[in-house]
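What follows is a set of notes on a single structure, which appears directly below.
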2 protein chains.
Amino acid sequence: MLKETIKVACSSCNLRELCMPVGLNTQELIRVDELVATRRTVKRGAALFHTGEKFTSLYAIRSGFFKTGITTEDGRDQVTGFQMAGEIIGLDGIVNEQHTCDAVALEDAEVCVMPFDRIEEISREVNALQHHVHKIMSREIVRDHGVMLLLGSMRAEERLAAFLLNLVQRLQARGFSKSELVLRMTREEIGSYLGMKLETVSRTFSKFADDGVIAVKQRNIHILDADALKRIVNVPQCH
Amino acid sequence: MLKETIKVACSSCNLRELCMPVGLNTQELIRVDELVATRRTVKRGAALFHTGEKFTSLYAIRSGFFKTGITTEDGRDQVTGFQMAGEIIGLDGIVNEQHTCDAVALEDAEVCVMPFDRIEEISREVNALQHHVHKIMSREIVRDHGVMLLLGSMRAEERLAAFLLNLVQRLQARGFSKSELVLRMTREEIGSYLGMKLETVSRTFSKFADDGVIAVKQRNIHILDADALKRIVNVPQCH
DNA sequence: CGTCGCTTTGATTATATTCAACAATGGTGG
DNA sequence: CCACCATTGTTGAATATAATCAAAGCGACG
């Protein structure tokens, strides 16, 4: 039974190029397969972890879709990211040994649980893993800086266009269509992530649709003119 | 001569609690002292590194004050952070082996150059250093999420109040006054960081001054009522 | 002492928010 | 299977907020 849940080793997982370092030898592969202690399923709407919970592990998403976000005492909240298969969540918890955000599944999901002390232990022996962990954290930092750019310097249309392009690009890397996507999150969650109100998100979708750039049918988005979206993102703030 | 420039070892540096892990034994201290290859001085206005440059090292700020920022092809730019003594910069470069931002000194500065391959090597032997590196990266991620919250959910007054409180808190941790500070950056740089125009920054300073919360004399800020600033940050976005 | 970069302030305009009403959708239980 | 409800999404009108444009003031520095 337990065996059943950990049947697929990292070394034979189809997401391994996303989560794992490449170019390992047999010996190293065996070590790295020990990273994943267990699997865990998370139902839609449930949290993988909450702010304040003790940090013990990083999680590699095997299937499903998550949002992470912070909530302040005064009720403000901010979605800090949307994560899909192959991505790693929980990095925020390392510094203070407790999570600083909530991770909530936006659809039924399964994650690989990687105890962080085990990651550190195996990292000392497998150089490629050590470097891989550093790269994952650095990538998250670079991503965050990109979000700052978006929030700090783009107008609503630019933000939403950038958001759609980013999503579709990540989906494409996972073998999905580069023109069709299903949003797993509400307009409000998109708005929280992009620093705008849900009404503005809705209006902006409608405008893109009016302009023939996308077709919107609830959460199904069809990108009709990707170049137009790219042009919207790149329009320099004129005047 | 060379010896002169590396005279102060990390183990006897007065900033060591900020950059380095604590609780090392003698053996470990010796290893960790090998981290810093050289020192480098950076004149006010000069860059420590530029976007696109090959990444080789992390830098610990020994003295001075930096800004980091990204610039896009279309001329948009975003200050992603301001860094002071004891803080580490360059983490963004790990993932693609090249820097993704510019780091510019806002006053004459000196940094400790820590070649990243050496960091990884010593990390494998000194567990406390390994964990310390992970914590530093995680801390940067958490900080970035805080900036997202600020940019995504706060109004101008709230952003500037939060900015001042953050700066003064970090300065205080370094032994400076908790009520007086000298801004090393222009209104435009503050605005870029906070996602607002320089005029709005200026107006907001003036408003705080009118309200008796701070006194502003060019770049000298005197915080007269820290609690008021805290209240401004925490005011829930009413109606 | 004049120039240049930075800052302040005012008036106007652009942009997104807020408030409000209504429509569409999906899930639930009768 | 259908009706109902809660949730989510759309749209309009009024308003708040910050951006833009413009002009003038201040300070540091040569």
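Every chain is numbered from 1, with letters handed out A, B, ... down the list of sequences.
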d([atom1], [X]; [atom2], [N]) in whole Å:
X	N	atom1	atom2	value
B:Leu160	C:dT7	CG	P	13 Å
A:Leu198	D:dT7	CG	C1'	12 Å
A:Met185	D:dT7	CE	C1'	17 Å
A:Glu107	C:dG26	CD	P	16 Å
B:Glu158	D:dT17	CD	C1'	12 Å
B:Lys197	C:dT9	NZ	C1'	18 Å
A:Arg155	D:dA19	CZ	P	11 Å
B:Asp210	C:dT9	CG	C1'	11 Å

Base of [N] paired with side chain of [X] (donor-acceptor, under 3.5 Å):
X	N	value
A:Arg219	D:dT10	no
A:Glu199	C:dC19	yes
A:Arg203	C:dT18	yes

Check your understanding: With B:Asp102, which of B:His50, B:Lys67, B:Glu53 fulfils side-chain contact (heavy atoms from CB on, under 4.5 Å)?
Key -> B:His50
Exercise for review: Give a yes or no on whether the ring-centroid distance for A:Phe66 and A:Phe82 is below 6.0 angstrom.
Suggested key: no
May I ask you to verify if any side-chain N or O of [X] is less than 4.0 angstrom from the OP1 or OP2 atom of [N]?
X	N	result
A:Thr200	C:dT15	no
B:Ser202	C:dC6	no
A:Arg187	D:dT8	no

Review point. Measuring from B:Gln78:CD to B:Ser192:OG, what's the distance to the nearest 0.5 Å?
Key: 4.5 Å
Check your understanding: Could you give the distance from CG (A:Asp92) to OG (B:Ser138), rounded to the nearest 0.5 Å?
Key ->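 The OG atom of B:Ser138 is 6.0 Å from CG of A:Asp92, to the nearest 0.5 Å.
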Review point. Hey, which of these two, A:Gly195 or A:Gln218, hits DNA chain C nearer its 5' end, going by closest nucleotide?
Key: A:Gly195
Review point. Across the strands shown, which category fits B:Thr186 at heavy-atom distances under 4.0 angstrom: base, sugar-phosphate, nothing?
Key: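 Contact class for B:Thr186: sugar-phosphate only.
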Practice item. For B:Gly191, answer base if it contacts any base atom (sugar-phosphate contacts may also be present), sugar-phosphate if it contacts only those atoms, and nothing otherwise; contact means non-hydrogen atoms under 4.0 Å. Key: nothing
Check your understanding: Can a donor-acceptor pair be found between the side chains of A:Thr68 and A:Gln83 at a distance below 3.5 Å?
Key -> yes
